[in-house]
> 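A single structure is presented below for examination.
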Amino acid sequence: MKAAHFSYHEALNLQDAIKIKAHDDESVILAGGQSLLPALNMRLSSPTCLIDISKISGLNEIKIDGQTLFIGALATHSDVMNNKTVKNNMPCMFDILKMVAHPAIRNKGTHGGSIAYGDPAAELPALAVATNAEIIVSGQNGDRSINAKDFYLGLFETTINQDEIVVGIKYPLLKKGQKIVFDEVCRRHGDYAMAGLIANVMGSKNDIKDLKLVFFATGDKPDVADKTARLCLENGYDYDKLKNSLSTEIDFAGDLNSSSEMKLHLATVLIKKVLSKLEI
Amino acid sequence: MAGNNSVNISFTVNGENFNNVNVPSRQHLADYLRSQGFTGTHLGCEQGACGACTIEMDGKAVRSCLVLASQANGANLKTVEGFDDEMMEKVKQNFLKHNAFQCGFCSPGMLMTTKEILLNKKKLTRDEIRSEISGNYCRCTGYQSIVDAIEECINEIN
């Protein structure tokens, strides 16, 4: 299908984009467009105006900023995958982004775009929540920092205000003994996951000291499962107990490919798969 | 309402200059290219899943159905019609040799994806080739012959 009519504005700079977005609550930001354009083409979304921020310079920086790894909103998935600073400080990022769509889409899709879009089936929002990342937004009153766990409210819904734009994400640098492990189940490499899990682990396979579990493609936003993580820490992996715990902790939402019951099963199995990746 | 329902842009396609052309804001790049006679860019799904519309934009493979024509302002584009350098001639010969074209609908996207694989200069196993082309649907070949062709290209070039 073809997109409905909208007007197009190429933003000259961030202030320009903020000004237009603030004054038109039906306008949306266009960064890489790899999630937005399919939605427009299928007419799932019909904004009045697209504010193209992709040519604003300085928004694709990747650097170490204090005790955090900062990734600028306009860095593409390919940029992030090929970046040495990311590789050295957050090795999990390559494996995670490899599962995001296909090379031609990763060449255009942006880090900030994926974070801001808030697709519950996307990997990066779950990663941001699992790592306790800060999302930096810029608006008419300047910048503010929002913790990822407070950023996602529901299906494609975030706490971002009408005048605000995501400019970057700050991931806390990993501490000694800390690891981010990840796995997902999908029908075809690069498709959206049927269920996925990002675990933030302190310790080793036989001696896990702390565990945080964040699921994606399970509910309407990244699903944190603290109770299940505690149960897993205390009792080890027990399929029936963990499944029961997950069913009370997450409101699983089935889709065309997998029922909520199937997602619950996959999520439970994913805990085992992810923990088996840890080193002894 | 800010912005415009159409915009004037300039860019090149296969080295040919397009100066100050007017495009509707909502038109995606694949539709624009096809309207200008570059019908080698095929449209399958228009949602980024099938890969038939994959072209080269500033040296990188992109889905032309997921880029607005207006976003191509200042860009250098290359479509399948422009794949005439020595490397791509070899790729086409290998596709012919292994019968990797068949109906031809996926071919422009497959050729572009093959180009990106070859430019990355990595030696890939057959499984890795399948993973690299996982973003391009083919409904005829069962992928076997396409993997054969790409494998031979990789062996020749590395």
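Per chain, numbering begins at 1; letters A, B, ... match sequence-line order. Below, all heavy atoms of this structure are taken into account, side chains as well, without hydrogens, waters or symmetry copies.
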> Using heavy atoms and a sub-4.5 Å threshold, report which of residues 94-117 of chain B line up against chain A, by residue number.
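Residues in range: B:Glu116.
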
> Is there a side-chain contact between A:Leu50 and B:Leu68, using heavy atoms and a 4.5 Å cut-off?
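In contact.
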
> How about B:Lys123: does its NZ atom have over 12 heavy atoms from other parts shown lying under 6.0 Å from it?
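More than 12 within 6.0 Å, yes.
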
> Is it the case that the side chain of B:Arg63 and the backbone of A:Ile105 share a donor-acceptor pair, with hydrogens and angles ignored and the cut-off at 3.5 Å?
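No, because the side chain of B:Arg63 does not come within donor-acceptor range (under 3.5 Å) of the backbone of A:Ile105.
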
> Is it the backbone or the side chain of A:Ala101 that comes under 4.5 Å from a heavy atom of chain B, or both, or neither?
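Looking at A:Ala101, nothing touches chain B.
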
> Rounded to the nearest 0.5 Å, what separation is found between the CG atom of B:Asn5 and the CZ atom of A:Phe6?
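Rounded to the nearest 0.5 Å, the CG-CZ separation comes to 9.5 Å.
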
> What residues, two or more places apart in sequence or in another chain, satisfy side-chain contact (heavy atoms from CB on, under 4.5 Å) together with B:Glu128?
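Applying side-chain contact (heavy atoms from CB on, under 4.5 Å) to B:Glu128 gives B:Leu124, B:Thr125.
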
> Are more than 12 heavy atoms, taken from residues, nucleotides or ligands other than A:Lys87, located less than 6.0 Å from that residue's NZ atom?
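12 or below, so no.
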
> Say you draw a straight line from CD of B:Glu46 to CE of A:Met42; how long is it, rounded to the nearest 0.5 Å?
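Answer for the CD-CE pair, B:Glu46 versus A:Met42, is 10.5 Å.
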
> Quick check against the 3.5 Å criterion: does A:Asn107 have a side-chain atom that pairs as donor or acceptor with the backbone of B:Lys60?
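Looks like no, no N/O pair under 3.5 Å.
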
> For a 4.5 angstrom cut-off between non-hydrogen side-chain atoms, does A:Asn41 reach B:Gln47?
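Not touching, per the 4.5 Å side-chain cut-off.
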
> Less than 4.5 Å to any heavy atom of chain A: does that hold for the side chain of B:Val7, its backbone, both, or neither?
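B:Val7 touches chain A through side-chain heavy atoms alone.
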
> Under a 4.5 Å heavy-atom cut-off, does chain B meet the side chain of A:Leu36, its backbone, both or neither?
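A:Leu36 has no heavy atom closer than 4.5 Å to chain B.
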
> Roughly how far, to the nearest 0.5 Å, is CG of A:Asp52 from OG of B:Ser70?
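So the OG of B:Ser70 and the CG of A:Asp52 are separated by 7.0 Å.
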
> Would you mind telling me which of A:His5, A:Arg106, A:His189 has the largest number of heavy-atom pairs within less than 4.5 Å of chain B?
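Looking at each option in turn, the highest pair count goes to A:His5.
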
> Without swapping roles, check the side chain of B:Arg26 against the backbone of A:Ala3 for a donor-acceptor pair under 3.5 Å.
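It does hold such a pair.
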
> When you measure from the side chain of A:Lys55 to the backbone of B:Gln71, do you find a donor-acceptor pair of N or O atoms at a distance under 3.5 Å?
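A pair under 3.5 Å: yes.
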
> What do you reckon, is CG of A:Asn141 surrounded by more than 12 foreign heavy atoms closer than 6.0 Å?
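Atom CG in A:Asn141 is not crowded, with 12 or fewer foreign heavy atoms closer than 6.0 Å.
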
> Give, as side chain, backbone, both or neither, the part of A:Glu26 having an atom under 4.5 angstrom from any heavy atom of chain B.
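For A:Glu26, no heavy atom lies under 4.5 Å from chain B.
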
> Using a 3.5 Å distance criterion without hydrogens, assess whether the side chain of A:Lys2 forms a donor-acceptor pair with backbone atoms of B:His28.
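No: the side chain of A:Lys2 does not pair with the backbone of B:His28.
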
> Restricting to non-hydrogen atoms, name the atom on B:Ala49 and the atom on A:Arg188 that form the minimum distance, rounded to 0.1 Å.
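Taking B:Ala49 first and A:Arg188 second, the nearest heavy atoms are O-NH2, 3.6 Å.
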
> Highest number of heavy-atom pairs under 4.5 Å with chain A: which of B:Asn136, B:Thr54, B:Asn73?
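The option with the most such pairs is B:Asn73.
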
